[in-house]
2 protein chains.
Amino acid sequence: MPAALMAAADKAISMEKSGEKKQSSAGKVLNVLDLFTEENPAWTVEMIMSELGATRATAYRYVKALYDAGLLAPGAASTYVLGPRIMQLDRQIRRSDPLLKIAQPLLDEDQSPLIGARSISSFYGDQVLAIQVDRFDPEIFLTMERGRSFPLIYGAPSRIILAYLPPYQMRNFYSSNSAEISKAGLGKTWEEFRTSMRKMRRIGYCVGNESNRTVYGVSAPIFHDKSSVSASLTYVRRIEITSDQELEELIKAVVRAANRISEKLINYSPADGDSSLVFPTPRLAG
Amino acid sequence: MPAALMAAADKAISMEKSGEKKQSSAGKVLNVLDLFTEENPAWTVEMIMSELGATRATAYRYVKALYDAGLLAPGAASTYVLGPRIMQLDRQIRRSDPLLKIAQPLLDEDQSPLIGARSISSFYGDQVLAIQVDRFDPEIFLTMERGRSFPLIYGAPSRIILAYLPPYQMRNFYSSNSAEISKAGLGKTWEEFRTSMRKMRRIGYCVGNESNRTVYGVSAPIFHDKSSVSASLTYVRRIEITSDQELEELIKAVVRAANRISEKLINYSPADGDSSLVFPTPRLAG
DNA sequence: CAAATAATCCCGTTAATTGAGACTATCGAA
DNA sequence: TTCGATAGTCTCAATTAACGGGATTATTTG
């Protein structure tokens, strides 16, 4: 793994919840985006002023910078809301992500009726993000959705990635999250944690049903490099209709599919060929 | 329509392609996002340096600001790619947009087999953006997709919005786009253009098949206010399987559905009730 | 037409960005 | 482990832009 990625990953993991670093002006502008939440999607400039403790001129300048970039757009009643650029950028990611491009045809070949739903989750240093979710069983209830993020410790798609982290990252993660790790039953000490992770690596998948009690989620790791996890594949099936044997088959299926994706992804690497066309996968470790 | 919106809409429309206004520092940082295109999704800092003509220190500062905001993320081989925050923000929009929330159940009631696909497009001042696309006919070929934008003059979803623009906006649009308007056959003079738009308003829908020769797209306007268009609904059907009578029915269906959405959207307005809960629709005119 | 609100403009002061290059950290290979 | 290469950070003085406060313009509502 290149130096750049490791540095970034280490920082992302260790910096967790430290916050409050010195901010550039651009950083302050970008912080305005944090205000726009699901509960509070529309803000007037006056509201932004009082929230930021800024003057009118400053608040308008911030909003204007974001508006000019298309990240905000004027809404009804003199409010601003998240802008069109976000949807456009998301489309760009969907269309240019090598992982999605590679995985799609391979997954579409795997039409087993056992698969009630499937999702691809991607690793972003301190969190795991669902980047694609497909539902086949109309009765299944899913908590995953593109753009939803999960902590590295929560849920099968996250945990299988956690298990394959390089040693120093895993160590960092343990020291800043030992309480949660212990609570989740992954080990009360660093040694225990390391052992349980090694065990998970040995079997090569993770079965979970904690985030959603009605389904099994079976996750297998996806590598963009011989030794670097970048994502995970998850097959989902309702518990009530799943026999032990079917669960076994589901596990085999997800591991096989993830392996095929990994193979293609690794060969997609810049080793040979035009690196501007076949650029290294944007899947990342940081 | 509030003053804020008009000002923004006028500017967006008249400013088209003028570009090159003085940029704030935050604006310069946000410009970096423009580099990340579908053809060129991964950039090293060195590449950004030479593209921007900035020094190493500056380029790193820009990238760091965007990285801290989650808009960029480190990719493989020391590149940066668009970050997880974009997917998260897109999810937030999907979950908080009143138009989507209102339209979804109403559209799901409308299960006519005539509808091969449908899409909702939203007006953003100088462009029209597809915000939701559903395909029912598996053989249909669609150019629309969430996040894809179209100029105001191109395609049925755009044109029906164009037709309902307030007079001064339409006037602005004509004076900066008279050549394209004439080429598109919408009128060689302002008078002709105004007449053809009035005619379209009178019939209340727009049928087009220019962007995709294999299908009809039938679009009807959606209003967030008695007189303000904010979006359009489009029903799509393959031409080869569509009789004249079916086209008529499709038109009636899309107009009916769009009207129902408009009604609900208008009543959703802040007129009564808690405006923090039932905030005015973020659909916008600018 | 007048009042109210949204958004921009102006300008002296202040605080942050900038560029150049030295410096540190990590990786890959021997 | 050492070395070389590359990624990314840091320091500092000079420049440049952000900031605040208040006046000004633009647009809607009554």
Side-chain angles (χ1 to χ4, degrees), chain A residues 1-12 14-15 21-29 32 43-49 52-68 72 74-80 166-169 172 225-228 271 280 284-286, chain B residues 1-12 14-15 21-29 43-49 52-68 72 74-80 166-169 172 225-228 270-271 280 284-286:
Chain A
M1 183 158 60
L5 302 193
M6 283 212 8
D10 281 342
K11 175 181 295 177
S14 63
M15 217 173 55
K21 50 206 172 287
K22 59 191 161 197
Q23 280 252 287
S24 65
S25 170
K28 282 188 268 178
V29 172
V32 174
W43 289 74
T44 65
V45 177
E46 296 285 329
M47 289 159 66
I48 294 174
M49 276 173 59
L52 263 56
T55 61
R56 199 185 342 277
T58 301
Y60 271 105
R61 273 189 281 252
Y62 285 7
V63 168
K64 188 176 188 324
L66 293 168
Y67 166 77
D68 286 344
L72 292 184
S78 301
T79 61
Y80 283 85
Y168 47 89
Q169 281 188 37
N172 277 344
D225 190 13
K226 255 168 294 185
S227 59
S228 312
L284 39 83
Chain B
M1 185 158 59
L5 302 193
M6 281 211 11
D10 282 341
K11 175 179 296 177
S14 63
M15 216 174 54
K21 51 208 171 283
K22 60 190 160 197
Q23 280 254 289
S24 66
S25 170
K28 282 188 265 178
V29 173
W43 289 74
T44 65
V45 177
E46 296 286 329
M47 290 159 66
I48 294 173
M49 276 174 58
L52 264 56
T55 61
R56 195 181 356 269
T58 301
Y60 271 105
R61 274 188 280 254
Y62 285 8
V63 168
K64 188 177 187 325
L66 293 168
Y67 167 75
D68 286 343
L72 292 183
S78 299
T79 61
Y80 283 84
Y168 47 89
Q169 281 188 36
N172 276 345
D225 190 14
K226 255 167 295 187
S227 59
S228 313
L284 39 83

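Just the heavy atoms: all of them, side chains too, but no hydrogens, waters or symmetry mates, feed the values below. Numbers restart at 1 for each chain; the letters A, B, ... are given by sequence-line order, proteins then strands. Please read all numbers here as calculations on a predicted model, not as lab measurements.
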*Between A:R56 and B:A57, name the one whose nearest nucleotide on DNA chain D is closer to the 5' end.*
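The 5'-side residue here is B:A57.
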*asked:* Going by side chain to side chain donor-acceptor pair (under 3.5 Å), name the residues that satisfy it together with B:T44, two or more places apart in sequence or in a different chain.
replied: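 Partners of B:T44 by the side chain to side chain donor-acceptor pair (under 3.5 Å) criterion come out as none, since no residue qualifies.
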*Partners of A:S25 by side chain to side chain donor-acceptor pair (under 3.5 Å), sequence neighbours excluded?*
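So A:S25 forms no side chain to side chain donor-acceptor pair (under 3.5 Å) with any residue.
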For the pair made of [atom1] in [X] and [atom2] in [N], what is the distance, rounded to whole Å?
{"X": "B:K64", "N": "D:dA7", "atom1": "NZ", "atom2": "C1'", "result": "15 Å"}
{"X": "A:M47", "N": "C:dA6", "atom1": "CE", "atom2": "C1'", "result": "15 Å"}
{"X": "A:M49", "N": "C:dA6", "atom1": "CE", "atom2": "P", "result": "11 Å"}
{"X": "B:E46", "N": "D:dT6", "atom1": "CD", "atom2": "P", "result": "10 Å"}

*For the residue pair A:I48 and A:V63, what are the closest heavy atoms and their distance?*
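For A:I48 and A:V63, the tightest heavy-atom pair comes out as CD1-CG2, 3.7 Å.
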*For the student: nearest non-hydrogen atoms of B:P74 and B:Y67, plus distance*: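 Distance-wise, the nearest heavy atoms are CD-CE1, 3.5 Å.
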*Rounded to the nearest 0.5 Å, how far does OH of A:Y62 lie from CG of A:L52?*
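Between A:L52 CG and A:Y62 OH, I get 7.0 Å after rounding to 0.5 Å.
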_From CE (A:M49) to OG1 (A:T58), nearest 0.5 Å_ =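 Here the rounded value is 9.0 Å.
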Can you check nucleotides 12-17 of chain C for protein contacts, nitrogen or oxygen pairs under 3.5 Å, and list what you find?
from: C:dT17; atom 1: OP1; to: A:S25; atom 2: N; distance (Å): 2.4

*side-chain N/O B:Y60 vs D:dG8 OP1/OP2, d < 4.0 Å*: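 For D:dG8, OP1 or OP2 has a side-chain N or O of B:Y60 closer than 4.0 Å.
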